[in-house]
Structure formats: C-alpha cells, structure tokens
Amino acid sequence: MSTKHMWSLGLVAVMFAGAAAILSAAEPSKAEAALASKLINAIEKSDHDAFVADGEPAFKGLGKEPFAGVAAQLAPKLQNAHELVYLGDLRQKGYHVTLWKISFKDGSDDLLATLSVRGGKVGGFYIR
C-alpha cells in the first residue's frame with residue numbers, strides 16, 4: 001500500500017473516531033432533560049403554574065391567557081403517545097439552548113422544541 005493511501009486511511013480513521021466522540025457526548029444534562037419533560041407535561045395538562053415555575057422573571061411573566069391559547073392547540077396532540085428526543089445543543093446570547101424532537105406514535109408530524117436555560121432557570125421554551 002502506498003504512503004498516500006495509508007495517509008488517507010489514517011485520516012478516515014481519525015474522522016470516524018472524532019464523529020464517534022461527538023455522538024457519544026450528545027446527551028443532555030439530567031437537569032435540562034427534566035426541565036424539557038416538565039414543560040411538555042405542563043402544556044399537556046394546561047398547567048400554567050407548573051410551566052412557569054422554573055423560569056427567569058421574564059419567563060414567569062407569561063400570562064395565563066397566552067399560555068392557555070398555546071396549550072389549547074398543543075395539549076390534545078401531546079396527550080397522545082409521544083416521545084421526546086434530544087437532538088443537540090447551542091450557545092446563544094448567554095443561554096444553553098437544547099433542541100428536542102417531539103415525535104408521535106400515530107405517525108403525525110413531528111414538532112421541534114427549543115429550551116433556553118441560564119443559571120438553571122428557563123429563559124424560553126418554543127415549539128414549532
């Protein structure tokens with residue numbers, strides 16, 4: 001085997017090792033996984049108080065009426081069998097943002113959720 005081919009194989013091995021390290025590290029913290037589940041459950045149960053309980057002051061300022069409107073749209077869907085899957089994370093404007101896929105056992109469209117946390121407090125939670 002030529003030196004060029006050995007170098008190419010070595011590069012491929014390093015790339016696979018790097019990808020494996022990234023994939024194995026792709027897990028959310030237990031605290032953020034618990035927050036994401038708690039927020040989904042609060043929407044599912046239309047529980048405003050539980051939804052804002054772990055939030056920063058601005059997040060806690062979310063009114064009951066806007067929350068009720070969102071919960072009315074999403075709760076019936078979330079009450080069906082679903083799975084919350086961690087997709088990855090970002091750093092944005094001082095927040096640790098985790099990305100979540102909500103998939104449904106009935107095969108309906110998935111949802112994408114983003115959870116923004118700073119200092120253990122929720123700064124934002126958006127579902128698309």
Side-chain angles (χ1 to χ4, degrees):
M1 185 177 283
S2 73
T3 305
K4 182 179 177 182
H5 287 195
M6 288 175 58
W7 183 83
S8 295
L9 287 175
L11 180 60
V12 169
V14 169
M15 288 173 31
F16 279 124
I22 290 169
L23 291 174
S24 67
E27 291 188 24
S29 72
K30 288 182 181 179
E32 288 177 336
L35 281 173
S37 292
K38 182 176 180 179
L39 292 165
I40 293 292
N41 288 335
I43 294 169
E44 183 180 335
K45 296 175 181 170
S46 299
D47 186 344
H48 174 267
D49 293 338
F51 187 78
V52 299
D54 297 308
E56 293 182 331
F59 189 79
K60 285 186 174 192
L62 173 66
K64 289 186 178 191
E65 286 184 34
F67 173 80
V70 171
Q73 290 178 333
L74 294 176
K77 188 164 178 72
L78 292 170
Q79 289 166 356
N80 294 323
H82 63 274
E83 181 180 23
L84 184 64
V85 177
Y86 173 75
L87 299 175
D89 65 336
L90 312 163
R91 296 258 176 233
Q92 291 185 328
K93 299 181 182 182
Y95 288 91
H96 184 240
V97 180
T98 51
L99 309 171
W100 303 86
K101 178 176 88 168
I102 306 166
S103 57
F104 298 91
K105 303 294 180 185
D106 66 4
S108 61
D109 288 350
D110 297 332
L111 300 174
L112 176 66
T114 57
L115 169 61
S116 301
V117 176
R118 179 172 51 194
K121 297 291 184 182
V122 176
F125 187 67
Y126 302 96
I127 298 177
R128 296 167 188 83

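Everything numeric here is computed off the predicted structure, so don't read it as measured data. All heavy atoms count here, side chains included; hydrogens, waters and symmetry mates do not.
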List the steps and the verdict of side-chain contact (heavy atoms from CB on, under 4.5 Å) for Leu87 and Leu112.
-> CA-CA 9 Å; Leu87 299 175; Leu112 176 66; 3.8 Å; yes
Inset, instruction - Begin with the C-alpha distance, continue with both residues' side-chain angles, and end with the deciding distance and a verdict on side-chain contact (heavy atoms from CB on, under 4.5 Å) for Asp47 and Asn41. - result: CA-CA 8 Å; Asp47 186 344; Asn41 288 335; over 6 Å; no
Open item on the list: The test is side-chain contact (heavy atoms from CB on, under 4.5 Å); show your working for Val70 and Ile127 and say whether it passes.
Closed with: CA-CA 10 Å; Val70 171; Ile127 298 177; over 6 Å; no
For Val117 and Leu35, what are the C-alpha separation, side-chain angles and deciding distance, and is it a side-chain contact (heavy atoms from CB on, under 4.5 Å)?
CA-CA 9 Å; Val117 176; Leu35 281 173; 4.0 Å; yes
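Residues satisfying the side-chain hydrogen bond (donor to acceptor under 3.5 Å, both in side chains) test with Thr98, not counting sequence neighbours, are Trp100. Among residues two or more places apart in sequence or in another chain, the side chain to side chain contact (heavy atoms under 4.5 Å, CB included) test is passed with Lys105 by Ala81, Glu83. Every residue two or more places apart in sequence or in another chain that forms a side-chain hydrogen bond (donor to acceptor under 3.5 Å, both in side chains) with Asp106 is listed here: Ser108. In terms of the side chain to side chain contact (heavy atoms under 4.5 Å, CB included) criterion, residue partners of Lys64 (sequence neighbours excluded) are, by chain and number, His48, Asp49. Applying the ring-ring contact (aromatic ring centres under 6.0 Å, His included) test to Phe51 and every residue at least two apart in sequence or in another chain returns Phe59, Phe67. Residues that satisfy the side chain to side chain contact (heavy atoms under 4.5 Å, CB included) test with Gln79, not counting sequence neighbours, are Glu44, Ala75. Considering only residues two or more places apart in sequence or on other chains, Ala58 meets the side chain to side chain contact (heavy atoms under 4.5 Å, CB included) condition with none of them.
In this structure, Val97 is not a member of the same hydrophobic cluster as Leu62, with clusters built from ILVMFWY side-chain heavy atoms closer than 4.5 Å.
Side-chain contact between Leu111 and Leu74 is present, with heavy atoms from C-beta onward closer than 4.5 Å. Side-chain contact check for Tyr86 versus Leu99: every heavy-atom pair is 4.5 Å or farther apart.
Pairs engaging residues 85-98 under the salt bridge (charged side-chain N to carboxylate O under 4.0 Å, His left out) rule: none recorded [sequence neighbours left out]. Pairs passing the salt bridge (charged side-chain N to carboxylate O under 4.0 Å, His left out) check and including a residue from residues 109-128, sequence neighbours excluded, read Glu56-Arg118. Counting only residues at least two apart or on different chains, no salt bridge (charged side-chain N to carboxylate O under 4.0 Å, His left out) pair has a member in residues 71-80. Sorted by first and then second residue, the salt bridge (charged side-chain N to carboxylate O under 4.0 Å, His left out) pairs involving residues 30-40 (not counting sequence neighbours) are Lys38-Asp54.
Minimum interatomic distance between Pro76 and Ala71 (heavy atoms only, all atoms of both residues): CD-O, 3.9 Å. Shortest non-hydrogen contact noted between Gly123 and Tyr95 is CA-CE2, 3.8 Å.
Alongside Tyr126, the hydrophobic cluster contains no other residue (criterion: ILVMFWY side chains under 4.5 Å).
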